[in-house]
Amino acid sequence: MTGATLVHRPRGQASMRRLRSALGVAVLALLAVLTGCATVPPNAGQDPRDPLESFNRQVFEFNEGLDKVVLKPLAQVYDAVLPVPVQECLSNGFSNLREPSNALNNLLQGKGAEAISDVCRFAINTTVGLLGCFDVATRMGLEKHREDFGQTLAVWGVGNGPFLVLPLFGPSTIRDTAGIGVETVLDVNFWINNVSVRNTIFGVRTVSFRHELLKADDLISDAALDKYTFVRDGYLQRRRNLVFDGNPPRERDPDDEQAEPKASETPGRAGAPPSGSDVNPSSAPKPAQ
């Protein structure tokens, strides 16, 4: 009996590997077909924020195909199978895993009080909140922050760079892409030694995040004549809002630039930031003299 088990187990594992490989090839083939259908308008790349638009649209279509084939169906099953309290528990728990990153990035941005608040949130929700299942800290008056290393780079004076759509990750910029590697290391999930547990958490976390976006699908479809442009503009606006902690300065319109004298011609008046760009928030540390 033991010998037979030892003989058949490797065969079963090999069969499963072949099946997964075949499914992977089929999915990639389907995605390649969907990506080949990407429509690139003749004026692509003329927006100064998005000089890589032709490339970005191809990657965007690839991600859309992956979403239609894999992620959205999984999110719909997730929504249908799990009770709402369980969904909320998982969402809170995954959000709690980001608190160390929020704390460190707030500290790097010179916001010590917010960093301390994030550490307290993580301690309270991990213990009293049962590994983050319940957001006890918010009920206690500790505000939830959303900070990442891309925002920290912005506070340090690093510009946005061109808009960039990443395979699997989605909308980004050159600056935010540089911050992804740092964010991966700052995430608590990265430090879990058990590979199976770490990958399971990552998979369920991805599906949970996609589930939270299900309600936005119809809104985007109804509001957007061009989904790519809608997503790009929404992403850039949201990131700018996050960099300035919800209070970004007004962007100068081209008509205003023609009607008003330049900053250098107006003594004692600071010029407004150029349209579509990030500038240092008032809390940004000044460079060493």
Side-chain angles (χ1 to χ4, degrees), residues 85-158 160 169 172-173 175-213 235 238-248 278-288:
V86 176
Q87 297 174 14
E88 293 178 349
C89 174
L90 291 172
S91 179
N92 289 337
F94 296 143
S95 178
N96 188 55
L97 294 178
R98 282 204 46 80
E99 292 294 359
S101 173
N102 293 332
L104 181 57
N105 280 294
N106 266 322
L107 185 63
L108 292 174
Q109 294 172 31
K111 296 182 287 188
E114 288 84 349
I116 295 174
S117 174
D118 294 333
V119 172
C120 292
R121 281 185 56 88
F122 182 68
I124 292 171
N125 285 342
T126 302
T127 54
V128 182
L130 303 179
L131 298 180
C133 181
F134 302 101
D135 189 359
V136 180
T138 296
R139 300 174 190 174
M140 296 174 61
L142 294 174
E143 181 184 356
K144 171 72 176 177
H145 302 118
R146 178 65 175 88
E147 304 291 339
D148 56 55
F149 197 67
Q151 294 168 246
T152 298
L153 290 174
V155 171
W156 290 352
V158 179
N160 246 341
F169 288 94
S172 185
T173 61
R175 182 184 65 205
D176 291 342
T177 299
I180 289 178
V182 176
E183 282 302 303
T184 300
V185 176
L186 294 180
D187 196 293
V188 175
N189 195 44
F190 177 82
W191 299 101
I192 298 177
N193 292 326
N194 190 301
V195 177
S196 298
V197 173
R198 183 172 67 239
N199 291 342
T200 299
I201 292 176
F202 176 79
V204 177
R205 191 175 182 178
T206 301
V207 175
S208 174
F209 177 75
R210 181 59 182 90
H211 167 259
E212 294 175 0
L213 299 178
Y235 175 83
R238 176 177 177 273
R239 291 298 296 176
R240 189 170 189 270
N241 192 62
L242 287 172
V243 167
F244 288 96
D245 293 331
N247 189 31
D278 285 335
V279 296
N280 291 344
S282 57
S283 61
K286 296 181 179 180

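Throughout, numbering of the chain's residues begins at 1 and tracks the sequence.
For the pair L186/N105, a side-chain contact is recorded, criterion being any heavy-atom separation below 4.5 Å from C-beta on. R175 has its side chain within reach of V243: a pair of non-hydrogen atoms, C-beta onward, lies under 4.5 Å apart.
Separating the SG atom in C89 from the CZ atom in F94 is a distance of 9.0 Å, to the nearest 0.5 Å. Rounding to the nearest 0.5 angstrom, the gap separating the CG atom in L104 from the CD atom in Q109 is 10.0 Å. Taking CZ from R240 and CG from L242, the interatomic distance works out to 12.0 Å, rounded to the nearest 0.5 Å.
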Going through the distances and angles, do F149 and L108 end up as a side-chain contact (heavy atoms from CB on, under 4.5 Å)?
CA-CA 9 Å; F149 197 67; L108 292 174; 4.1 Å; yes

Starting from the C-alpha separation in whole Å, work towards a yes-or-no answer on side-chain contact (heavy atoms from CB on, under 4.5 Å) for R205 and D187.
CA-CA 12 Å; R205 191 175 182 178; D187 196 293; 2.8 Å; yes

Yes or no on side-chain contact (heavy atoms from CB on, under 4.5 Å) for C120 and M140, after CA distance, side-chain angles and deciding distance?
CA-CA 11 Å; C120 292; M140 296 174 61; over 6 Å; no

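At distances below 3.5 Å, not a single donor-acceptor pair connects side-chain atoms of N125 with backbone N or O atoms of G132. Within the 3.5 Å criterion, the main-chain N or O of E147 finds a donor-acceptor partner in the side chain of R98. The main-chain N or O of S101 is never found under 3.5 Å from a side-chain atom of E183 such that the two would form a donor-acceptor pair. Put simply, the side chain of D118 never gets that close to the backbone of E99: no donor and acceptor are under 3.5 Å apart. With hydrogens and angles ignored, the 3.5 Å screen pairs a side-chain donor or acceptor of T127 with a backbone N or O of I124. Distance alone, capped at 3.5 Å, places no donor-acceptor pair between the S91 side chain and the Q87 backbone. One N or O on the side chain of N102 and one on the backbone of H145 form a donor-acceptor pair closer than 3.5 Å.
Residues satisfying the salt bridge (charged side-chain N to carboxylate O under 4.0 Å, His left out) test with D148, not counting sequence neighbours, are R146, R239. With sequence neighbours excluded, no residue forms a salt bridge (charged side-chain N to carboxylate O under 4.0 Å, His left out) with E212.
S117 and L142 make their closest contact through OG-CD2, 3.8 Å (heavy atoms, listed as atom of the first residue, atom of the second, distance). Considering all non-hydrogen atoms of both residues, P248 and N241 come closest at CD-OD1, 3.4 Å. Closest non-hydrogen pair, F134 versus N92, comes out as CA-ND2, 4.3 Å. Across Y235 and S172, no two heavy atoms sit closer than the pair OH-CA, 3.4 Å. Residue L153 comes nearest to A178 through the heavy atom pair CD1-CB, 4.3 Å, listed as atom of the first residue, atom of the second, then distance.
Heavy-atom neighbours of F209 CZ from other residues, nucleotides or ligands within 6.0 Å: at or below the threshold of 12.
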Only distances under 3.5 Å count here; give the side-chain donor-acceptor pairs of residues 196-203 to other protein atoms, sequence neighbours excluded, each with its distance to 0.1 Å.
{"residue": "R198", "atom": "NH1", "partner": "I192", "partner atom": "O", "Å": "2.5"}
{"residue": "N199", "atom": "ND2", "partner": "V195", "partner atom": "O", "Å": "3.4"}
{"residue": "T200", "atom": "OG1", "partner": "S196", "partner atom": "O", "Å": "2.7"}

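Checking N96, V136, D135 one by one against R121, the side-chain contact (heavy atoms from CB on, under 4.5 Å) holds for a single residue, D135.
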